[in-house]
Amino acid sequence: MAKAEAMHIFFALNDSYSRHCCTAMVSILENNGCTPIHFHLLTNGISDDNRHKLGQLTSHYANASIDVRVIDNDIFDSLPVSINYISRQTYYRYAIAELYPDLDKAIYLDCDIVVKGSLSGLWATNLDGCLCAGVRDLWIDNIHYKPEIGFSLDELYINAGVLLLNLELMRQECTFAALCQTTLRPPCNIRFQDQDAINIVCRGRIKGLPAIYNFTSEDLLRHPDAADGAIIVHYTGERKPWGRKRCSNALKQLYFDYLGLTPYRQSAIRRLASNAAWKLGKPFRKRIAGPQPLRIALLIDEFFGGAGTAYGGYGFLARYYIAKYLPCDDIQIDVLLGLNRHSSRRKAIKTRVDDVDVYRLPGRRHAARWLKKRNYDLYFSIELTTSFLKYERSKDKRLLLWVQDPRPWEEWLEIETVKLFPESCYWNTEVYELVHKLYEEHRVRFVTQGHFLIEKAKRLYRLHPDTPMMFLPNPVDIDPHFDVRNYKKKDHIIFIGRIESVKRGWLFCEIAKRMPEYQFFMLGQSFREKAQNDSIMEKYRHGIANLHFVGHVEGEEKAKYIKDAKILVNTSIHEALPVTFLEALAYGTLLVSCRNPEGLTEKFGIYTGPVLGDGFDNVHIFVNAIKSLMSDDERRKSLSVAGYEYVKRTHNVPDFIRNTRALLREEAAKRSLPR
């Protein structure tokens with residue numbers, strides 16, 4: 001995967017605005033986790049305490065760096081300050097091109113903003129010879145101010161709180177000197193000091209940006225329905241979320257959500273707690289009374305055989321990675337499997353599996369009371385499959401939804417082309433509408449195991465196109481003793497998965513019949529609709545000498561089959577990003593499949609192209625792909641090493657633990673401040 005281009009983001013501040021600047025920076029880092037961010041803080045001075053707090057971000061966010069530059073105020077002392085809630089530091093943006101001669105491009109942001117989406121679109125904007133880019137100032141438009149400075153009513157005048165700067169061109173055209181001169185000796189009476197100067201000097205050389213990149217208080221007032229799509233929320237005007245005067249901005253809670261993730265959180269809590277204007281409920285007071293482990297409810301419908309559940313990818317991830325690696329001194333995880341089928345049952349059924357409490361909730365008449373008593377800090381779900389979260393009555397509880405396999409209706413139409421034994425459709429409108437409702441209430445955060453799943457999830461849950469989804473790769477254990485370059489593999493080909501209709505295991509058997517020179521091993525068993533699935537596979541269990549039905553295996557036994565094999569064949573009509581793909585690559589085993597999630601099959605094996613229906617007429621495509629890999633040992637070994645290195649780099653367990661624990665803590669903390 002190509003490394004994302006680093007962004008250079010500038011703020012101008014004095015010491016008193018350090019907390020707000022830190023909040024803005026955290027909001028950026030939370031929503032741009034895959035991009036290196038270099039923050040440049042232009043200031044007249046920051047206290048040691050504030051420097052320390054700001055510096056903590058670099059240890060918490062691996063993609064962040066911070067450069068603090070103290071500016072000589074003598075240069076700007078002569079420039080007028082005529083707006084009472086704006087400091088002289090606002091002029092520092094004039095000098096960015098001169099202060100940083102090695103940079104060609106930069107984003108400038110005011111400190112009174114929060115970012116709730118990716119800035120990659122803004123950063124990638126082609127300036128097309130313009131000095132800068134910005135968003136039309138709707139308030140300036142509405143007060144008909146522009147004619148006072150010689151602009152026509154329809155001429156572009158931008159709000160200067162968010163700027164994409166063409167630093168190279170600004171240096172060439174001596175823009176810094178022009179801005180200072182225009183501020184000191186404006187061509188007309190100006191009322192909005194630096195913003196007017198920027199618009200006047202850059203007039204005709206400014207590229208307009210969509211309002212999502214500078215969604216001001218006026219935008220919110222005029223277009224409230226567009227708020228969900230905003231990427232940069234700008235608290236324009238004198239009344240700020242943190243001020244003594246009441247802020248009427250309906251998005252002010254976003255500021256407190258991100259403030260709660262900063263090193264300023266505790267001081268902010270003390271300040272709010274002493275302010276009579278804030279009424280803090282019991283859960284909030286309890287949270288600041290003393291350290292308590294975070295209580296995380298993992299919502300899942302299977303736990304890989306635990307508590308009598310099925311064996312599947314979600315359950316494997318839940319049991320052997322989330323429940324195994326994430327609990328620690330400050331994180332407690334309970335597994336919730338859904339409602340008990342008996343609506344009259346008052347108590348949950350509790351099972352202890354691998355040192356984790358697994359619950360089957362009471363019947364629907366008692367579920368709300370049980371959840372209230374448990375009082376979880378956060379719900380965490382792997383592709384939410386049940387709707388019992390509707391029984392959670394508290395409006396401050398959030399959901400961290402890990403998008404693993406979203407299935408819009410067109411996916412089901414493909415699956416239903418299988419006629420030999422059709423897969424049962426578990427489309428669940430109630431679940432999808434529940435997620436949409438939480439999304440509209442700003443109570444859900446999305447992360448995903450694959451970039452290719454993002455658009456599917458947006459369609460399934462009816463999300464805004466700009467809804468951010470952080471990349472959180474599935475983890476895979478890497479055997480430190482496995483030597484991918486020298487391990488002597490056998491002429492073995494494997495299948496791993498549930499023996500169910502959607503997996504089309506019969507195709508693997510048909511491939512084995514046509515390739516007697518290789519040994520084929522089918523790892524897995526039937527669970528759902530077992531009788532029907534077993535009846536289809538029964539005819540393949542006898543008479544094919546090179547086909548071996550291994551059944552369900554785990555641990556070292558499973559690892560040995562994967563190590564020895566040269567190829568994993570996947571014949572499913574539908575897949576997201578199977579854990580089995582990653583497990584195979586972790587042992588240098590290549591892929592042959594009619595699915596190509598995240599491009600992995602074509603990178604580390606052979607992608608056959610889509611195969612719909614029962615697939616019998618396309619068995620030869622799989623056979624030819626296998627022959628191609630098995631006959632070119634040099635190519636196979638090269639791809640084996642590349643696949644192993646990819647998994648080691650992208651899907652390693654240490655990164656998963658660190659990143660996911662941080663996510664859980666951050667999301668749980670968001671319910672600590674008043675909404």
Side-chain angles (χ1 to χ4, degrees), residues 281-287 289-310 314-315 317-319 322-324 326-328 330-402 426 428-439 441-445 664-665 667-672 675:
K282 290 182 180 178
F284 178 72
R285 284 196 289 269
K286 180 179 179 181
R287 292 287 302 220
Q292 296 280 340
L294 295 176
R295 295 164 59 85
I296 310 297
L298 177 62
L299 313 182
I300 195 70
D301 63 352
E302 59 185 44
F303 201 51
F304 208 67
T309 60
Y314 294 174
L317 181 61
R319 183 172 179 180
I322 294 175
K324 177 181 178 181
L326 297 186
C328 56
D330 68 330
I331 294 177
Q332 172 188 325
I333 291 180
D334 291 346
V335 175
L336 308 190
L337 295 175
L339 297 179
N340 193 289
R341 295 176 182 175
H342 303 288
S343 61
S344 61
R345 185 176 289 275
R346 293 175 177 269
K347 294 184 179 180
I349 299 174
K350 177 181 175 181
T351 308
R352 190 76 173 169
V353 180
D354 302 338
D355 297 323
V356 173
D357 289 335
V358 180
Y359 292 93
R360 181 74 67 179
L361 271 66
R364 59 181 178 272
R365 288 186 293 175
H366 309 287
R369 183 182 303 171
W370 190 87
L371 290 174
K372 181 179 180 180
K373 185 177 179 180
R374 297 298 296 178
N375 191 27
Y376 288 108
D377 293 287
L378 179 69
Y379 291 100
F380 181 23
S381 183
I382 305 172
E383 202 67 70
L384 194 66
T385 57
T386 63
S387 60
F388 77 81
L389 197 54
K390 67 185 179 182
Y391 298 104
E392 174 54 72
R393 305 305 187 196
S394 176
K395 295 298 183 182
D396 71 339
K397 300 296 179 67
R398 296 178 57 81
L399 170 67
L400 178 63
L401 181 54
W402 197 358
Y426 47 84
N428 194 326
T429 300
E430 185 179 27
V431 169
Y432 310 145
E433 288 304 305
L434 174 61
V435 173
H436 181 76
K437 179 176 180 291
L438 295 173
Y439 160 74
E441 295 172 350
H442 305 290
R443 292 172 55 197
V444 59
R445 180 176 181 183
L664 295 176
R665 291 171 182 136
E667 287 302 303
K670 289 181 181 180
R671 66 172 293 223
S672 298
R675 291 191 173 273

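Below, all heavy atoms of this structure are taken into account, side chains as well, without hydrogens, waters or symmetry copies. Start at 1 with the first residue, then count along the sequence.
Residues that satisfy the side-chain hydrogen bond (donor to acceptor under 3.5 Å, both in side chains) test with Asp354, not counting sequence neighbours, are Arg319. Shown here are the ring-ring contact (aromatic ring centres under 6.0 Å, His included) partners of Phe388, two or more places apart in sequence or in another chain: there are none.
Atom CG of Leu294 sits about 10.0 Å away from atom CD1 of Ile333, to the nearest 0.5 Å. Residue Leu438 holds its CG atom at 8.0 Å from NZ of Lys395, rounded to the nearest 0.5 Å. In this structure, the separation between CD1 on Ile382 and OH on Tyr314 is 8.5 Å, given to the nearest 0.5 Å. Rounding to the nearest 0.5 Å places CG of Asn375 at 4.0 Å from NZ of Lys397. Taken to the nearest 0.5 Å, the CD atom of Glu430 stands 3.5 Å off from the NZ atom of Lys390. Between the CD atom in Glu383 and the CG atom in Asp301 there is a gap of 11.0 Å [rounded to 0.5 Å].
Taking both residues in full, the closest heavy atoms of Leu400 and Leu664 are given as CD2-CD2, 3.8 Å, listed atom of the first, atom of the second, then distance. For the residue pair Ala368 and Arg393, the shortest heavy atom distance occurs at CB-NE, 3.8 Å. Heavy-atom minimum distance, Tyr426 versus Tyr432: O-OH, 4.1 Å. In terms of heavy-atom proximity, Ala348 sits nearest to Pro362 at N-CG, 3.7 Å. Scanning all heavy atoms of the two residues, the minimum distance from Leu337 to Val358 falls at CD1-CG1, 3.5 Å. Minimum heavy-atom separation, Phe303 to Val335: CE1-CG2, 3.8 Å.
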Run Arg352 and Asp357 through side-chain contact (heavy atoms from CB on, under 4.5 Å) and show every step you take. CA-CA 5 Å; Arg352 190 76 173 169; Asp357 289 335; 2.7 Å; yes
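Side chain of Arg295 to main chain of Arg374: a donor-acceptor pair is present (N/O by atom type, distance under 3.5 Å, no hydrogens or angles). Although no hydrogens or angles enter the test, the distance criterion places no donor-acceptor pair under 3.5 Å between the side chain of Asp334 and the main chain of Ala297.
The shortest distance between side-chain heavy atoms of Leu299 and Thr386 does not fall below 4.5 Å. By the 4.5 Å heavy-atom criterion applied to side chains, Arg445 and Arg398 are counted as neighbours. Side-chain contact between Thr309 and Ile300: absent, with no pair of heavy atoms (C-beta onward) separated by less than 4.5 Å.
Between Glu392 and Tyr379, the side chains place a donor N or O and an acceptor N or O closer than 3.5 Å (distance only, hydrogens not considered).
Relative ring orientation between Trp402 and Phe380 is described as parallel, the plane-to-plane angle staying below 30° on a 0-90° scale split at 30° and 60°.
Taking 4.0 Å as the cut-off between side-chain N and carboxylate O, Glu433 and Lys437 do not count as a salt-bridged pair.
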